[in-house]
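Here the structure comes first, spelled out in structure tokens, and everything after it is commentary.
These numbers were taken from a predicted model, which means no experiment stands behind them.
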Amino acid sequence: MTRAFAAELAAHGIRVNSVSPGTTETPMLQAEFAAAPDPDRERAENEAAIPLGRFGQPDDIAAAVAYLLSDDAAYVTGANLVVDGGRTSCFTAGTLGG
């Protein structure tokens, strides 16, 4: 959808991009862990699935959005910026990929 909108709107000077955040440290995530039978274990298992070894922070996602809104991204359109600590690009079927 991002690429389709970007292609359609580029002639009007409108850039269209998207951000795909990974697991992000928010009150909702904290509540989810708190409700688990073993909150510390649940948290550790989820963090272990992220190559960078930590959950994203709201500022991590905000920085990606700020970049796409900035003049530094003036020639970027139709892109999806994945901000997930490497989870989707580094892991394949639970193993570290290349």
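- Pairing each heavy atom of Gly22 with each of Thr24, the nearest pair is O-OG1, 2.8 Å.
- Cluster annotation: Leu81 is connected to Val76 through the hydrophobic network of ILVMFWY side chains, with a link wherever side-chain heavy atoms come within less than 4.5 Å.
- Listed here is the closest heavy atom pair of Pro39 and Ala34: CG-O, 4.0 Å.
- Between the CG atom of Asn80 and the CG atom of Asn17 there is a distance of 9.0 Å, given to the nearest 0.5 Å.
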Identify every side-chain donor-acceptor pair in residues 57-70 under 3.5 Å, counting partners at least two apart or on other chains, and give the distances.
from, atom 1, to, atom 2, distance (Å)
Asp60, OD2, Arg54, NH1, 3.0
Asp60, OD2, Arg54, NH2, 3.4
Asp60, OD2, Gln57, N, 2.7
Ser70, OG, Tyr67, O, 2.7
Ser70, OG, Asp72, N, 3.2

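- Ala6 and Thr77 get closest at one heavy-atom pair: CB-OG1, 3.4 Å.
- Hydrophobic clustering (side-chain heavy atoms under 4.5 Å, transitive across Ile, Leu, Val, Met, Phe, Trp, Tyr) groups Phe33 together with Ile50.
- Summarising the geometry, atom CZ belonging to Arg43 is positioned 6.5 Å from atom CG belonging to Leu29; distances are rounded to the nearest 0.5 Å.
- Summarising the geometry, atom OG1 belonging to Thr23 is positioned 6.5 Å from atom CG belonging to Asn46; distances are rounded to the nearest 0.5 Å.
- Note: the hydrophobic cluster containing Leu9 also contains Met1 (ILVMFWY, side chain heavy atoms under 4.5 Å, direct or indirect links).
- Other residues, nucleotides and ligands place no more than 12 heavy atoms under 6.0 Å from the CZ atom of Phe5.
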